[in-house]
Amino acid sequence: MADEKILIIAVKQPNQKEKRFESSLEELISLSKTAGGTVEKIMKQNRNRIHPATYIGEGKVNEIKQYIDMLEIDLVISNDELSAGQLRNLGNKLGIPIIDRSQLILDIFAQRAKTKEGKLQVELAQLEYLLPRLHGQGLAMSRLGGGIGTRGPGETKLETDQRHIRKRIHDIKRRLKLVVRQREQYRKRRKTNDAFQIAIVGYTNAGKSTLFNRLTSSHSLEENQLFATLDPLTREIQLPAGFHTLITDTVGFLQDLPTTLIASFKSTLEEVSEADFILHIVDSSHPDLDQHQQTVIELLEDLHANTIPRLTVYNKKDLLDKDVIPINHPYLFISTYDREDIHHLLLKIESMLKAEWDRYMINLNPDEGKMLHRLEYETIITNKTFDDKKNKYVIQGYMQQEHPLQSLIKEH
């Protein structure tokens, strides 16, 4: 199927910084591409406030109409969220489907969700977004069955059946509760086993999945596309000293995420607030990296995960043509494709953990292999020697506060 031809409309208000406005447009172009469309034209307008009925001014609407005919545009996408009235008025005036940024993001999430939970969360977000806007969908909904913005729950005749949607929302929420409960049990089990957990977070397309794959040598989806990862993946990795930890790849963050989506993806992101350590991956070559970092930090605050020890990893250093001043500390510059950089990253994580953890020293008999194995697996050993005179292993290292092994060491 040929790419849908897209025309983007965007209003810049006086309180919006030029750089931020331009970066939001760049992002919208990238999102459109990810959804399978090609942006043919961008129509910007400076206005003191957004037009309550048509988002942009009347004169601009007529100009857009000409471009739609001239460029054979299939779809109009607005840079801001539209009300039901704006959707209806613009749809009727332009004669082709119109969606907004939020619908586009939801559409991509619908394409990308692979697990049962992911699909349910996306559908819930789409339905909650759609419910107050049903009356605005008249013309656009008549072309259901294909194209950007119509995937997901669009196949039923939604505009006629608010009751059906409310019932479906209720049903999905009930099913998600069960899934969340299962996830919580799984997390509790990991906690009971004292598994140390590292979460990889970052702005979408910063290179999280690539790093996850390099660290775990697994092959999760790794594409140069926004939202390549929707469902959290967890694998076990080993740090240079032998310590084993779980590492989780999470969904990419984005500025101006639809509120319905933030709410429904809270449980996916709860993996982050449960983590013991956070790797914040930043695309250091992106012109808008400060804004990206800020977005992630604000979301971490929302998740009450801002107090968890965090290392900022400035990725894609191989693409840098100028110096980048890190705004977050501690930090590290890497390229995920450089094996040595990955090793440095693991060493850096190790040194940060040692700074946080308790130091210990223990003498073990040669027959205490099980205990030795646990120490190698669950703590960071810095020195292991065998004392011939005492016929004992002398182990020095670091372990988490309140780790079950703490009490065993005291007994020795």
Side-chain angles (χ1 to χ4, degrees), residues 184-200 211-212 214-218 233-249 271-280 305-313 329-332 334 338-412:
E184 276 169 3
Q185 282 166 349
Y186 174 55
R187 262 204 304 255
K188 267 199 197 102
R189 201 159 63 240
R190 291 202 308 225
K191 278 273 174 258
T192 324
N193 296 339
D194 293 295
F196 191 82
Q197 295 179 58
I198 297 175
I200 301 179
L211 177 65
F212 181 78
R214 295 291 172 273
L215 290 172
T216 61
S217 307
S218 72
L233 283 164
T234 300
R235 299 265 187 284
E236 190 175 40
I237 63 165
Q238 188 178 0
L239 295 186
F243 173 65
H244 284 243
T245 170
L246 295 176
I247 192 155
T248 299
D249 187 15
E271 290 280 341
V272 177
S273 46
E274 291 283 333
D276 300 293
F277 191 88
I278 289 173
L279 283 179
H280 173 191
N306 50 323
T307 54
I308 299 167
R310 179 168 77 228
L311 172 63
T312 303
V313 180
H329 295 259
Y331 66 86
L332 194 67
I334 71 159
D338 185 325
R339 192 174 268 170
E340 216 158 282
D341 282 1
I342 297 294
H343 184 64
H344 282 271
L345 171 62
L346 292 172
L347 288 173
K348 179 76 176 169
I349 294 169
E350 224 168 61
S351 74
M352 283 180 70
L353 296 183
K354 287 194 291 203
E356 294 266 329
W357 291 1
D358 291 344
R359 213 186 155 128
Y360 74 86
M361 186 179 143
I362 186 171
N363 295 321
L364 292 179
N365 294 321
D367 62 352
E368 291 183 280
K370 208 171 174 189
M371 179 71 166
L372 178 60
H373 177 69
R374 277 196 72 184
L375 288 171
E376 284 171 340
Y377 209 86
E378 298 173 40
T379 77
I380 293 173
I381 291 179
T382 51
N383 200 4
K384 181 171 79 175
T385 53
F386 188 70
D387 187 329
D388 289 327
K389 284 181 187 143
K390 290 183 182 168
N391 193 30
K392 282 183 188 292
Y393 282 105
V394 182
I395 316 285
Q396 288 174 311
Y398 296 84
M399 72 168 67
Q400 263 173 292
Q401 285 88 351
E402 291 156 26
H403 192 287
L405 284 171
Q406 292 264 20
S407 54
L408 290 170
I409 283 176
K410 285 191 184 99
E411 286 164 19
H412 256 75

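- Nearest heavy-atom pair, Ile308 versus Ala275, reported as atom, atom and distance to 0.1 Å: CD1-O, 3.5 Å.
- For the pair Pro240 and Leu347, the tightest heavy-atom approach, listed with the atom from each and the gap, is CG-CD2, 3.7 Å.
- Without hydrogens or angle criteria, Thr312 side chain to His280 main chain gives no donor-acceptor distance under 3.5 Å.
- Every residue two or more places apart in sequence or in another chain was checked for a ring-ring contact (aromatic ring centres under 6.0 Å, His included) with His344, and none qualifies.
- Between the side chain of Gln406 and the backbone N or O of Gln400 there is at least one donor-acceptor pair closer than 3.5 Å.
- Between Glu368 and Asn363, the shortest heavy-atom contact is OE1-O, 4.5 Å.
- More than 12 heavy atoms of other shown residues, nucleotides or ligands fall within 6.0 angstrom of atom NZ in Lys392.
- What you find for Leu332 and Leu345 is that their closest heavy atoms are CD2-CA, 3.5 Å.
- Of the candidates Trp357, Tyr398, Tyr377, Phe277, Phe243 forms a ring pair (Phe, Tyr, Trp, His ring centres under 6.0 Å) with just one, namely Trp357.
- A donor-acceptor distance shorter than 3.5 angstrom exists from the side chain of Asp276 to the backbone of Gln197, with no hydrogens or angles considered.
- Of all the heavy atoms in Phe386 and Pro366, the pair that sits closest is CE1-CG, 4.1 Å.
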Output, in order, the C-alpha distance, side-chain angles, deciding distance and verdict of side-chain contact (heavy atoms from CB on, under 4.5 Å) for Leu375 and Met399.
-> CA-CA 9 Å; Leu375 288 171; Met399 72 168 67; 4.1 Å; yes
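- For Met352 against Pro330, the heavy-atom pair with the smallest separation is CE-CG, 3.4 Å.
- For the pair Leu353 and Thr245, the minimum side-chain heavy-atom distance is 4.5 Å or more.
- The neighbour count for Gln401 CD, taken as heavy atoms of other residues, nucleotides or ligands under 6.0 Å away, is above 12.
- The local environment of NE2 in His343 is sparse, with at most 12 non-hydrogen atoms from other residues, nucleotides or ligands closer than 6.0 Å.
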